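One structure is given here, and the rest of the page talks about it.
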Amino acid sequence: MFILGLTGGIGSGKSAASAYFRDQGIVVVDADIVAREVVEPGQPALVAIEERYGAEALLDDGTLNRPWLRAKVFAEPDERKWLESQTHPRIRDSIIAQLKAATSPYAILESPLLYESGQSELVARTLVIDVPEEIQVERACSRDGNEEEQIRRIIAAQMPRSERLQKADDAVDNSGNLEALYSQLAPLHQSYLQLT
Ligand SMILES: CC(C)(COP(=O)(O)OP(=O)(O)OC[C@H]1O[C@@H](n2cnc3c(N)ncnc32)[C@H](O)[C@@H]1O)[C@@H](O)C(=O)NCCC(=O)NCCS
Ligand SMILES: Nc1ncnc2c1ncn2[C@@H]1O[C@H](COP(=O)(O)OP(=O)(O)OP(=O)(O)O)[C@@H](O)[C@H]1O
């Protein structure tokens, strides 16, 4: 099956773009959701996290303390590398299984780290959702109520915008409104249907 990789930095509008493709009947596998599944209670990656950081890494109900780990890994690159070494292989396995089960005319892998994590090997073509960094910061802050500094650290941990655009087969500019985004996605969807 033809698989499209959909990527972009934090707050660029990947979820907004995925919603459009889902409305057209396309199956979208979301790497952020898979990343949550692999650290659910009982999963080996959560056991490893608890072994490394102790009870501090967990909430009272035994689930991952995400704000705590987020603050840690985006301040300490070595800890982020360690976390990725625990999660990324498992995320990849699950993504492969979910894409195999997809039944739509083509399928999409939506991932913030498509190029960084080697997940681009799983797709035939890539689409980048692009906005200037100031818009990333503004939209990500107003959505999550995050500190600006935290968002900037996350952006710094991701591939630079210029490099991502250079790797893209297709790119759309999401600095306008959602209608402007959808009007760029519509012809791309038609072209992907031709590739199936
Ligand atoms: C650090 C964690 C616990 C923070 O959780 P939190 O709920 O606050 O954020 P969430 O998971 O929704 O991620 C928000 C955004 O942060 C960015 N991000 C997440 N992990 C990473 C990373 N390792 N490197 C760069 N950016 C990242 C992405 O743009 C993502 O969309 C979590 O992001 C995590 O487990 N990350 C490691 C797994 C991973 O790499 N996930 C990315 C998808 S493959
Ligand atoms: N064209 C747009 N105009 C206005 N707001 C937008 C537009 N596109 C997306 N947004 C809003 O910006 C925020 C970030 O968009 P979205 O969640 O789609 O980004 P994302 O790339 O999936 O982010 P993340 O990597 O953090 O998951 C959301 O609150 C979304 O509703």
Side-chain angles (χ1 to χ4, degrees), residues 5-22 28-40 43 45-46 48-50 52-53 56-59 63-96 98 108-120 122 127-147 150-161 164 172-185:
L6 191 161
T7 190
I10 186 166
S12 58
K14 294 180 298 297
S15 300
S18 282
Y20 174 86
F21 289 111
R22 281 198 182 96
V28 180
V29 176
D30 179 343
D32 275 338
I33 292 178
V34 179
R36 284 168 189 265
E37 291 167 353
V38 304
V39 292
E40 276 171 7
Q43 293 295 315
L46 189 61
I49 289 167
E50 189 183 3
R52 188 173 180 91
Y53 303 119
E56 212 177 1
L58 301 185
L59 299 174
T63 60
L64 179 62
N65 186 344
R66 303 185 69 91
W68 181 85
L69 190 55
R70 181 179 175 125
K72 183 157 196 78
V73 300
F74 292 111
E76 299 176 47
D78 288 346
E79 297 305 319
R80 178 167 52 82
K81 298 263 158 58
W82 178 82
L83 178 64
E84 290 173 353
S85 77
Q86 295 300 312
T87 54
H88 283 188
R90 292 167 173 131
I91 292 169
R92 188 188 181 91
D93 289 349
S94 176
I95 283 172
I96 290 170
Q98 290 186 41
I108 293 179
L109 168 57
E110 175 194 342
S111 175
L113 304 178
L114 187 74
Y115 301 121
E116 292 92 328
S117 68
Q119 289 164 2
S120 52
L122 306 174
L127 167 61
V128 165
I129 312 300
D130 179 58
V131 292
E133 190 169 316
E134 288 315 306
I135 294 185
Q136 272 184 279
V137 172
E138 188 188 303
R139 288 183 183 162
C141 285
S142 60
R143 185 194 52 194
D144 306 337
N146 266 299
E147 302 267 321
Q150 174 87 282
I151 300 298
R152 290 203 188 272
R153 280 206 208 110
I154 294 176
I155 290 172
Q158 299 181 342
M159 181 174 278
R161 182 184 175 199
R164 193 186 289 117
V172 297
D173 169 14
N174 187 30
S175 52
N177 60 22
L178 287 175
E179 223 168 280
L181 173 66
Y182 300 157
S183 69
Q184 295 170 80
L185 297 177

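Counting convention: from 1, in listed order, for ligands and their atoms alike. These numbers come from a predicted model, not from an experiment. Hydrogens, waters and symmetry mates play no part in the numbers below; they use all other heavy atoms, side chains included.
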Out of K14, E116, R70, R92, whose heavy atom sits nearest atom 8 (O) of ligand 1?
R70
Quick check on salt bridge (charged side-chain N to carboxylate O under 4.0 Å, His left out): which of K72, R70, R52 does E79 satisfy it with?
R52
Near V73, which atoms of ligand 1 are under 4.0 Å from a heavy atom of that residue?
1 (C)
I need the atoms of ligand 1 closer than 4.0 Å to a non-hydrogen atom of E84, numbered in the order shown.
22 (C), 23 (N), 24 (N)
Using non-hydrogen atoms of the residue, decide whether G11 is closer than 4.0 angstrom to ligand 2.
yes
Could I get the full list of side-chain hydrogen bond (donor to acceptor under 3.5 Å, both in side chains) partners for S18, not counting sequence neighbours?
E110
At less than 4.0 angstrom from any non-hydrogen atom of D32, what atoms of ligand 2 do you find?
27 (O)
Between N174 and the options L185, V131, V128, I135, the side-chain contact (heavy atoms from CB on, under 4.5 Å) test singles out V131
Heteroatom distance test (D32, ligand 1): nitrogen or oxygen, under 3.5 angstrom:
yes
Check: G9 main-chain N/O paired with K14 side-chain donor or acceptor under 3.5 Å:
yes
Does any N or O of ligand 2 fall below 3.5 Å from an N or O anywhere on A16, backbone included?
yes
Side chain, backbone, both or neither: the part of S12 lying under 4.0 Å from ligand 2 by heavy atom:
both
I'd like to check which ligand 1 atoms, numbered from 1 as shown, lie under 4.0 Å from a non-hydrogen atom of H88.
39 (C), 40 (O)
Selection from R36, K81, R66 by shortest heavy-atom distance to atom 32 (C) of ligand 1:
R66
Are any non-hydrogen side-chain atoms of R152 and V137 less than 4.5 angstrom apart?
yes
Below the 3.5 angstrom mark, is there an N/O of G176, backbone or side chain, next to an N/O of ligand 2?
yes
Please work out which of S142, G9, S111, G13 has its closest non-hydrogen atom nearest to atom 15 (O) of ligand 2.
G13
Out of L114, T87, L83, whose heavy atom sits nearest atom 35 (O) of ligand 1?
L83
From the candidates P112, A35, S111, the one that places a heavy atom nearest atom 41 (N) of ligand 1:
A35
Verify salt bridge (Lys or Arg N to Asp or Glu O under 4.0 Å) between R80 and E84, making sure each step is shown before the conclusion.
CA-CA 6 Å; R80 178 167 52 82; E84 290 173 353; 3.4 Å; yes
Show me the side-chain donor-acceptor pairs of residues 88-96 shorter than 3.5 Å, one per line, residues at least two apart or across chains.
from	atom 1	to	atom 2	distance (Å)
R90	NH1	Q86	O	2.9
R92	NH1	G118	O	3.3
R92	NH2	E121	OE1	2.8
S94	OG	Q98	NE2	3.3

Less than 3.5 Å between some nitrogen or oxygen of R80 and one of ligand 1, yes or no?
no
May I ask you to decide if M159's main-chain N or O and R164's side chain share a donor-acceptor pair within less than 3.5 Å?
yes
I'd like to check W82 versus I49 (side-chain heavy atoms, cut-off strictly below 4.5 Å). Are they in contact?
yes
Under 4.0 Å, counting heavy atoms only: does I10 come that close to any atom of ligand 2?
yes
For N177, counting its heavy atoms only, list the atoms of ligand 2 lying under 4.0 Å from any of them.
1 (N)
State whether the side chain of Q158 and the backbone N or O of I10 hold a donor-acceptor pair below 3.5 Å, judged by distance alone.
yes
Check whether any side-chain heavy atom of L46 sits under 4.5 Å from a side-chain heavy atom of E40, and report yes or no.
no
